[in-house]
Participant: 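My structure is below; once you've seen it, I'll send some questions.
Keep in mind the model is a prediction, meaning the values are calculated, not measured. Start at 1 and go down the list; that is how both ligands and their atoms are numbered.
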Amino acid sequence: MQRQFAELNARLAEIHDLSSAKAVLEWDQWTKMPPGGAAARAVQLATLERLAHQRRIDPGLGRLIGELEPYGEGLDYESDEAALIRIARHDFDRAEKIPPDLQAEFIQHGALTYQVWEHARPRNDFLAVRPYLEKTLVLSRRIAECFHPEGSLADPLIDYHDPGLTAADVRMVLAELREGLLPLVKAIADSGIEVDDRCLRQHFPADRQLAFGLPIARAFGYDFDRGRQDLTAHPFATSFSIGDVRITTRVREDHLGEALFGTLHESGHAMYEQGIDAALERSPLGNGVSAGIHESQSRLWENLVGRSRPFWRHCYPHLQAAFPEQLGRVDLETFYQATNKVTPSLIRTDADEVTYNLHVMLRFELELDLLEGRLTIAELPDAWGERMQGYLGVTPPDDRDGVLQDVHWYDGTLGGSFQGYTLGNIMSVLFYEQAVQAHPSIPDEMGEGQFATLHHWLRENLYRHGRKFTARELLERTTGSPEINSGPYLHYLWQKFSEIYGIA
Ligand code: ZN
């Protein structure tokens with residue numbers, strides 16, 4: 001079997017190289033590339049994707065996996081070899097259903113759409129992206145139909161991002177969460193307390209903001225010898241190899257939060273990818289396991305650490321020293337409350353911890369309505385406005401801060417990618433509580449600017465495994481239950497925000 005196993009490794013490594021090269025071209029497109037490069041770049045990406053996809057569905061690869069499966073079943077379930085054979089089977093079965101030309105067209109269209117969106121958003125020009133988005137919907141449906149789903153057309157798209165989950169599963173988690181969240185939103189509104197966040201809304205020079213965020217990311221454990229940060233329109237993290245995991249951010253000079261919390265968020269994604277066991281490099285095991293687990297890591301560092309009182313007890317004097325004119329006379333408690341102000345707002349990525357999930361629910365429902373044919377792209381801006389009013393009580397003044405607000409949908413995929421944010425929020429608390437149970441000193445260490453114990457726990461229990469275990473297996477291994485239980489997350493939110501808003 002050693003010969004077959006070596007061949008499997010070689011084939012999968014080649015596919016991984018093509019995907020990584022594609023990621024470099026995408027990173028360049030989203031950070032540095034001049035607009036004139038868009039059409040050629042889209043074709044280059046499509047070519048790489050076609051080459052990768054042809055290899056993914058090569059019948060020879062399928063035969064090889066079939067030969068190795070009986071051997072894999074005899075191996076220790078937790079071994080790298082057994083996991084590689086399992087994941088190779090999963091990826092092959094999925095890829096085989098999608099023709100290479102369709103997959104390449106999907107990628108090419110996504111790259112073109114991104115470039116149109118990037119220019120349409122500042123000009124508030126939904127009509128410019130509308131035909132592109134219509135084609136995105138058609139292509140997303142065609143991809144989903146390749147799987148002949150018995151339930152929702154969204155199921156195969158959700159399964160791609162969060163393997164094993166269906167639209168019905170996600171609906172149930174969101175409904176349960178919503179039931180617990182709405183009373184909290186109401187209690188905060190009824191509290192009569194208006195948190196003053198003017199301290200965040202001053203002029204903060206961009207270079208000083210960026211210079212402040214990076215050392216914190218480094219202190220968290222993001223290794224800049226194996227990473228870097230660049231500017232972009234919509235922040236993301238991307239991995240080219242375990243030795244090169246990059247983040248991006250954007251800065252608003254009239255608000256302190258966006259760049260800082262964006263950097264902490266993306267650093268969480270990057271530390272996950274950097275923490276994968278080096279033995280899994282150049283294999284399909286060498287990436288994060290699902291959108292939900294990935295977001296649990298970004299949201300953990302952004303919120304449970306970055307918006308916590310212990311963190312700011314240590315960090316705030318440094319922030320005051322960086323911005324003495326703006327914050328020299330603002331006390332810690334005022335600043336802490338400002339960074340945790342709950343207010344229904346237009347933009348998901350800027351939303352507070354309480355209302356954030358309402359944005360996700362809105363997007364998830366709109367995606368289902370589009371995919372299942374209850375809504376057209378032409379109707380989307382109005383539907384967006386109505387649901388924003390229904391969920392959050394605010395109506396976007398224009399499409400720029402409404403349906404055009406972020407890159408989702410304009411990167412060429414529609415469906416399946418939103419639930420990860422809320423699943424991540426829920427799981428961030430499940431994991432964090434386990435880390436603190438194992439090491440009760442973690443909150444005090446955060447208060448001293450020390451994050452190594454937390455980082456180490458996450459690396460040992462989550463990061464290093466890459467895709468070896470499913471999301472549910474990781475939950476079971478760490479919490480003792482495979483369930484995505486929203487109870488602890490709701491409890492965390494109630495406790496934190498009851499204190500800030502004086503709710504009895
Ligand atoms: Zn994220």
Participant: Taking only distance into account, with no hydrogens and no angle test, what donor-acceptor pairs under 3.5 Å do side-chain atoms of residues 449-457 form with protein atoms, sequence neighbours excluded?
Facilitator:
| residue | atom | partner | partner atom | Å |
| --- | --- | --- | --- | --- |
| T453 | OG1 | E445 | OE1 | 2.5 |
| T453 | OG1 | E445 | OE2 | 3.3 |
| H456 | ND1 | R459 | NH2 | 3.3 |

Participant: List the residues meeting side chain to side chain donor-acceptor pair (under 3.5 Å) with T263, not counting sequence neighbours, and say none if there are none.
Facilitator: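 Here the qualifying residues are Q229.
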Participant: Can you name the residues that form a side chain to side chain donor-acceptor pair (under 3.5 Å) with R171, not counting sequence neighbours?
Facilitator: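 For R171 there are no side chain to side chain donor-acceptor pair (under 3.5 Å) partners, ignoring immediate neighbours.
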Participant: With a cut-off of 2.8 Å, which protein N/O/S atoms are close to the Zn ion (ligand 1), if we only count those under it?
Facilitator: H265 NE2, H269 NE2, E295 OE1, E295 OE2
Participant: Within 45 degrees of the ring normal and closer than 6.0 Å to the centroid, is that where the cationic atom of R307 sits relative to W312?
Facilitator: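 No, R307 does not sit over the ring of W312.
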Participant: If we only count heavy atoms from C-beta on, is the S298 to E266 side-chain gap below 4.5 Å?
Facilitator: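 No; the side chains remain at least 4.5 Å from each other.
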Participant: Determine yes or no for a side-chain-to-main-chain donor-acceptor pair under 3.5 angstrom, with R250 supplying the side chain and A233 the backbone.
Facilitator: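 It does hold such a pair.
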